[in-house]
Participant: 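Take a look at the following structure, please.
A, B, ... follow the sequence lines: proteins, then strands. Residue 1 opens every chain.
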Amino acid sequence: MEVRTRFAPSPTGYMHIGNLRTALYAYLHARKNEGVFILRIEDTDQARLVADSVKVIYESLAVTGIEHDEGPDKGGPVGPYTQSERRGLYKEYAEKLLAAGRAYRCFCEKTEKTEEHDEEHEAPILGYDGRCGRLSEAEIKANLDKGLPYVIRQRIDKEGSTSFKDFIYGDIVVENKQLDDQILLKRDGYPTYNFANVVDDHLMGITHVMRGCEYISSTPKYILLYKAFGWEIPEHIHLPHILGPSGKKLSKREGSVALGDFLKRGFLPEAILNYIALLGWNPGTEQEFFTKADLIAKFDIARIGKAPAMFDETKLAWLNGQHIRAKTPDEAHALFLPFYPESVTGKFDARKLTGYIQGKVEKLSDLPQMTAFLAALDENFPKDLFVHAKNKTTLEGSRAVLQDLADALNCLGDWEYGSILGAVKAYAEAKGAKLGPVMWPLRIAISGQAVTPTGAAEIAELLGKAETLRRLSLAAARLA
RNA sequence: GGCCCCUUCGUCUAGCGGUUAGGACGCUGCCCUCUCAAGGCAGAGAUCACGGGUUCGAAUCCCGUAGGGGCCGCCA
């Protein structure tokens with residue numbers, strides 16, 4: 001049977017990294033099995049509609065290369081793919097349940113979750129007591145005649161238990177008395193997630209339902225729905241959570257959670273994809289660097305783990321560096337360019353700069369700070385930087401070297417990396433010195449910092465002859 | 001509070017009855033090098049949450065306990 005998976009985000013205005021991983025896994029599983037990956041927009045909460053947020057979903061999928069085969073923008077045989085456009089369908093199916101006695105109208109007041117319940121989670125919240133389920137035909141009719149608003153609730157027989165086999169977590173059994181008569185159709189006529197999800201997954205022929213494991217506890221209710229309709233139950237694959245640094249579900253409170261944030265901060269989409277793929281899944285080999293094509297080839301839902309994983313930005317950064325290094329110089333440059341300060345791109349050969357530092361960059365957002373010294377030397381950098389035990393450089397020695405070097409470089413005809421290095425080498429040789437003790441003062445003088453993203457000769461070349469000589473004499477003067 | 005789930009180095013993980021418990025990030029050191037935040041090598045770091053079983057033998061199987069997480073919305 002053809003594999004059909006879906007990603008069913010609700011338009012919230014940003015792409016949560018955990019949701020993106022769910023999308024990735026669903027996508028990979030579909031591709032791996034030459035199946036179909038569907039995008040379905042779950043916009044059934046009218047109160048929470050965020051303008052343009054569907055666009056964010058499209059953009060997120062596009063930038064990460066998680067491309068869907070069917071969706072609101074692409075169409076397909078089982079559309080529409082936006083739930084708000086499927087309202088009639090849900091009503092129709094809810095009424096079928098009503099007619100079959102598997103659902104009932106509920107005229108009770110709204111019982112929305114309050115903030116207090118959120119914080120004081122010790123407060124027991126009791127589920128709906130099912131009173132409207134016991135209303136007589138006459139009472140229902142009377143209410144209807146009065147025009148009382150109502151919702152449709154699923155009628156759950158509180159006897160016995162309901163179970164399902166989760167692909168990751170195995171058999172899950174829940175006593176039916178734990179199950180609430182959940183709302184299927186809201187007062188405004190829109191379905192709840194719980195209902196729309198089941199109806200759509202069935203109608204869209206989804207074979208593998210992949211979602212976060214927070215849905216495990218409500219899945220028995222969905223199972224009962226499938227059974228009430230007499231529908232085949234798809235494979236359920238609940239994914240372990242991604243945790244923030246505090247050990248709780250990754251949330252906005254703890255730094256970046258949105259794909260857009262990571263992108264802005266200089267993480268590459270392919271690195272993010274690679275990293276989140278490894279959060280909860282492993283290939284069974286020691287491979288850690290993956291391109292999307294690698295993932296499609298190696299992905300296997302059988303190797304998804306059960307334990308939640310903490311999101312570790314340090315490792316993401318490392319992986320990001322790996323992906324940057326894997327780029328061609330031209331690709332890298334296209335990536336770096338937007339992150340270079342104007343002061344750098346305006347004055348220097350940025351393409352050359354990229355070539356010199358590509359192997360050192362982890363986050364693109366480090367670029368401004370890494371390259372700032374090119375455009376603006378901190379002329380009052382600490383003089384101690386010249387002192388280096390291993391190179392046996394001292395303030396006195398450095399001054400002499402700098403003065404000599406200034407002369408040597410001044411005589412240089414063409415100003416490029418090779419000739420600069422050649423001149424420095426020649427000078428060192430003439431002095432009977434090793435290269436280190438000469439290069440060190442040079443690099444400090446022209447950069448003003450102990451750590452630079454590339455070597456002294458490269459920096460000198462980028463700076464140009466005039467600026468290099470200016471910095472050299474400046475430093476020599478300070479050391480005098 | 002009720003129910004469900006999870007538990008191997010700080011972190012991500014391998015392991016599916018017999019391993020010196022392996023790898024990666026990070027950390028430390030060494031090498032290379034014109035610096036290192038790159039590369040190479042090495043090291044520290046996990047009595048496999050704890051307690052009972054089962055077994056000749058358990059990180060691996062079973063049962064408890066503890067800790068953590070999730071759900072209990074006319075949100076998804």
Participant: Say you pick atom C1' in G45(B) and the same atom in C31(B); how far apart are they, in whole Å?
Facilitator: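 Between the two C1' atoms, the distance is 23 Å.
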Participant: Could you encode protein contacts along nucleotides 17-22 of chain B as a string, one character per nucleotide from 5' to 3', using B for base contact, S for sugar-phosphate-only contact and - for no contact, with a heavy-atom cut-off of under 4.0 Å?
Facilitator: -----S
Participant: Using atom CZ of F289(A) as one end and atom C1' of G23(B) as the other, report the distance to the nearest whole Å.
Facilitator: 18 Å
Participant: Take atom C1' in G70(B) and the same atom in A76(B), then report the distance between them in whole Å.
Facilitator: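 Straight-line distance between the two C1' atoms is 14 Å.
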Participant: Tell me the partner of C34(B), counting only Watson-Crick (N1-N3 plus N6-O4 or O6-N4) or G-U wobble (N1-O2 and O6-N3) with both under 3.5 Å; none if nothing fits.
Facilitator: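 Pair assignment: C34(B) / none.
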Participant: Does G43(B) pair with anything, Watson-Crick or G-U wobble, both distances under 3.5 Å, and if so, with which nucleotide?
Facilitator: C27(B)
Participant: Who are the ring-ring contact (aromatic ring centres under 6.0 Å, His included) partners of H241(A), not counting sequence neighbours?
Facilitator: none
Participant: Whole-Å distance between C72(B) C1' and Y215(A) OH?
Facilitator: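 That distance rounds to 14 Å.
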Participant: How far, in whole Å, is A14(B) from G22(B) if one measures between their P atoms?
Facilitator: 15 Å
Participant: Salt bridge (Lys or Arg N to Asp or Glu O under 4.0 Å) with D407(A): which residues, sequence neighbours excluded?
Facilitator: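 For D407(A), no residue satisfies salt bridge (Lys or Arg N to Asp or Glu O under 4.0 Å) once neighbours in sequence are set aside.
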Participant: Encode nucleotides 28-41 of chain B as B, S and - characters from 5' to 3', where the letter depends on protein heavy atoms closer than 4.0 Å: B to the base, S only to sugar-phosphate, - to neither.
Facilitator: -----BBBBBBS--
Participant: Roughly how many Å is it from NZ in K177(A) to C1' in C72(B), rounded to a whole number?
Facilitator: 15 Å
Participant: Whole angstrom is fine here: how far is it from CD in Q46(A) over to P in G73(B)?
Facilitator: 22 Å
Participant: Closer than 4.0 Å, any side-chain N/O of K221(A) to the OP1 or OP2 of G73(B)?
Facilitator: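 Answer is no, no contact under 4.0 Å.
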Participant: Look at the side-chain N and O atoms of T192(A) and state whether any lies under 4.0 Å from the OP1 or OP2 oxygen of G73(B).
Facilitator: no
Participant: Mind calculating the distance between CG (L239(A)) and C1' (A76(B)) to the nearest angstrom?
Facilitator: 16 Å
Participant: Give me the distance, rounded to whole Å, that separates A21(B) from G2(B) when you measure between the C1' atoms they each carry.
Facilitator: 39 Å
Participant: Applying a 3.5 Å limit to both distances, which nucleotide forms a Watson-Crick or G-U wobble pair with G1(B)?
Facilitator: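 Partner of G1(B): C72(B).
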Participant: Go through the structure and list residues passing ring-ring contact (aromatic ring centres under 6.0 Å, His included) with Y90(A), not counting sequence neighbours.
Facilitator: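 For Y90(A) there are no ring-ring contact (aromatic ring centres under 6.0 Å, His included) partners, ignoring immediate neighbours.
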Participant: Rounded to the nearest angstrom, tell me the gap between atom CZ in F107(A) and atom P in C74(B).
Facilitator: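 Roughly 17 Å, once rounded to whole Å.
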Participant: Using the test ring-ring contact (aromatic ring centres under 6.0 Å, His included), find all partners of H333(A) that sit at least two apart in sequence or belong to another chain.
Facilitator: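 Not a single residue meets the ring-ring contact (aromatic ring centres under 6.0 Å, His included) criterion with H333(A).
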Participant: Name the one of R105(A), R155(A), K158(A), R131(A) that satisfies salt bridge (charged side-chain N to carboxylate O under 4.0 Å, His left out) with D181(A)?
Facilitator: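 Output: one option passes, namely K158(A).
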Participant: So which nucleotide does A14(B) pair with, by the Watson-Crick or G-U wobble rule with both distances under 3.5 Å?
Facilitator: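 Paired with A14(B), as far as the under-3.5 Å criterion goes, is no nucleotide at all.
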Participant: Using Watson-Crick or G-U wobble geometry with both distances under 3.5 Å, which nucleotide pairs with A58(B)?
Facilitator: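 Looking at the geometry, A58(B) pairs with no nucleotide.
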Participant: Taking atom P in both C75(B) and G67(B), what distance in whole Å separates the two?
Facilitator: 35 Å
Participant: Could you pull out all residues at least two apart from Y169(A) that satisfy ring-ring contact (aromatic ring centres under 6.0 Å, His included)?
Facilitator: none
Participant: Any salt bridge linking K352(A) with E416(A)? Criterion: basic side-chain nitrogen under 4.0 Å from a carboxylate oxygen.
Facilitator: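 No, this pair does not count.
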Participant: Between the side chains of K298(A) and Q287(A), does any donor sit under 3.5 Å from an acceptor?
Facilitator: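 Judged by distance alone, the side chains do pair up.
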Participant: Listed by chain and number, what are the side-chain contact (heavy atoms from CB on, under 4.5 Å) partners of S256(A), not counting sequence neighbours?
Facilitator: D261(A), F262(A), R265(A)
Participant: Can you pull the side-chain hydrogen bond (donor to acceptor under 3.5 Å, both in side chains) pairs that have at least one residue in residues 417-440 of chain A, sequence neighbours excluded?
Facilitator: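 Qualifying pairs: D404(A)-Y427(A).
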Participant: Report all side-chain donor-acceptor pairs from residues 449-456 of chain A shorter than 3.5 Å, counting only partners two or more places apart or in another chain.
Facilitator:
{"residue": "Q449(A)", "atom": "NE2", "partner": "V451(A)", "partner atom": "O", "Å": "3.3"}
{"residue": "T452(A)", "atom": "OG1", "partner": "R443(A)", "partner atom": "NH1", "Å": "2.8"}
{"residue": "T452(A)", "atom": "OG1", "partner": "T454(A)", "partner atom": "O", "Å": "2.8"}

Participant: Taking only the side-chain nitrogens and oxygens of K186(A), find out if one of them lies under 4.0 Å from OP1 or OP2 of C75(B).
Facilitator: yes
Participant: Assign each of C108(A) and E214(A) to its nearest nucleotide of RNA chain B by heavy atoms, then name whichever residue's nucleotide is nearer the 5' end.
Facilitator: E214(A)
Participant: Round to the nearest Å and state the distance from N320(A) atom CG to G26(B) atom P.
Facilitator: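 Rounded to the whole Å, the gap is 13 Å.
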Participant: Which whole number of Å gives the distance between the C1' atom of G10(B) and that of G52(B)?
Facilitator: 30 Å
Participant: Could you verify whether a donor N or O on one side chain and an acceptor N or O on the other, from Y215(A) and N197(A), lie under 3.5 Å apart?
Facilitator: no
Participant: What about the rings of Y104(A) and Y150(A), do their centers lie closer together than 6.0 Å?
Facilitator: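 When the ring centroids of Y104(A) and Y150(A) are compared, they turn out to be at least 6.0 Å apart.
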Participant: For every nucleotide of nucleotides 2-15 of chain B, 5' to 3': is a protein heavy atom under 4.0 Å from its base (B), only from its sugar-phosphate (S), or from neither (-)?
Facilitator: SSSSSS---SBSSS
Participant: Taking A38(B) as the reference, what is the distance to C27(B) when you measure between their P atoms (whole Å, please)?
Facilitator: 9 Å
Participant: In whole angstrom, give me the gap between the P atoms of G18(B) and U60(B).
Facilitator: 11 Å
Participant: Using purine N1 to pyrimidine N3 plus N6-O4 or O6-N4 for Watson-Crick, or N1-O2 and O6-N3 for G-U wobble, each under 3.5 Å, what pairs with A49(B)?
Facilitator: U65(B)
Participant: When the distance from CG of N197(A) to C1' of C74(B) is rounded to whole Å, what number comes out?
Facilitator: 17 Å
Participant: Counting side-chain heavy atoms from CB outward, which of G26(B), G69(B), A76(B) is closest to D45(A)?
Facilitator: A76(B)
Participant: Classify N194(A) by what it touches in the nucleic acid, base, sugar-phosphate, or nothing, heavy-atom distance under 4.0 Å.
Facilitator: base
Participant: By side-chain hydrogen bond (donor to acceptor under 3.5 Å, both in side chains), which residues pair with R303(A), not counting sequence neighbours?
Facilitator: N282(A)
